[in-house]
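The figures here come from the full heavy-atom set of this structure, side chains too, leaving out hydrogens, waters and symmetry mates. Throughout, protein chains are lettered first and strands after them, A, B, ... in sequence-line order, and every chain is numbered starting at 1.
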Amino acid sequence: MTAVLTMIFQYLLLIFLVVCALAVARTRDLLGAVIIFASYSLVMAILWQQLEAPDVAVTEAAIGAGVTSLLFIVVISKTRRME
Amino acid sequence: MEDLILTMIVRLILPFIQIYGYYIIIHGHLSPGGGFPGGAIIGASMILFALAFNLKEGSNKISHDTSTLLESGGAFGFAALGFLGVFMGSNYLSNRAAGFPLGIPGNLISSGMIFLISIFIGVKVASTFITLFFNLVEGKTHD
């Protein structure tokens, strides 16, 4: 039972990941794209943990969801918001 | 622009973020993590402080000179620790052959110089992120 639930959880996360990746590519609003990319990174961190790579998960959560989004937002504030 | 809710929340959670970063750096050889993720968390906490308050206050906490000094000092410390092994008659970055004591496995002090190297990497990465952010923010605006 637990294994089936874990598998359903992982498939849900993977579907969310694909939808996020497509949405980042298709969004015209760059600030929205950065926010979607941050949620993509957070789900990717959970998936790294599920794949038993906690080291990569910690790095992904700190770099992908934290610092990269901040740097992107700074760049957007320096340039235009709409593509 | 200062928001009361934002500054109060940041003031509450900032110590916990920083202690988590220090924990990840110090326990780098025992648990997942190490110098790079811990340094990134500490750098992100300083960026969060500078964003929630104003940029001037953030650069008062860590000035450009301090950040540059920490960045070069981290890289220099890593290289110097590596050359310690060469001076003791072994290879570059050698651990026990360079005379570092290996404690009981599982203790905090149980890895010789990996502990010190993680600290140097953490300092280097944290100051690199802070420098990156401030250089981006203080640059010119393009349209």
Chemist: Atom CD1 of residue position I104(B) - does it have more than 12 heavy atoms of other residues, nucleotides or ligands inside 6.0 Å?
Modeler: no
Chemist: Show the atom names and distances, to 0.1 Å, of all donor-acceptor pairs under 3.5 Å that link a side chain in residues 34-46 of chain B to residues at least two apart or in another chain.
Modeler:
unit_1	atom_1	unit_2	atom_2	d
S45(B)	OG	Q18(B)	NE2	3.0
S45(B)	OG	I42(B)	O	2.6

Chemist: Can you tell me how far CD1 of I24(B) sits from CG of D55(A), rounded to the nearest 0.5 angstrom?
Modeler: 9.5 Å
Chemist: Within a 6.0 Å radius of atom CD1 on I5(B), are there more than 12 heavy atoms belonging to other residues, nucleotides or ligands?
Modeler: no
Chemist: Quick check on F133(B) against chain A: is it the side chain, the backbone, both or neither that has a heavy atom closer than 4.5 Å?
Modeler: both
Chemist: Counting heavy atoms not belonging to E52(A), are there more than 12 under 6.0 Å from its CD?
Modeler: no
Chemist: Check whether L71(A) gets within reach of chain B through its side chain, its backbone, both or neither, counting any heavy atom under 4.5 Å.
Modeler: both
Chemist: Specify which of V58(A), V74(A), V75(A) makes the most heavy-atom pairs with chain B at under 4.5 Å.
Modeler: V74(A)
Chemist: Which region of L136(B), side chain (C-beta onward) or backbone (N, CA, C, O), has a non-hydrogen atom less than 4.5 Å from a non-hydrogen atom of chain A, or is it both or neither?
Modeler: both
Chemist: Please enumerate all residues that pass side chain to side chain contact (heavy atoms under 4.5 Å, CB included) together with A57(A), with sequence neighbours excluded.
Modeler: W48(A), Q49(A)
Chemist: Rounded at 0.5 Å granularity, tell me how far CZ in F129(B) sits from CD1 in I63(A).
Modeler: 3.5 Å
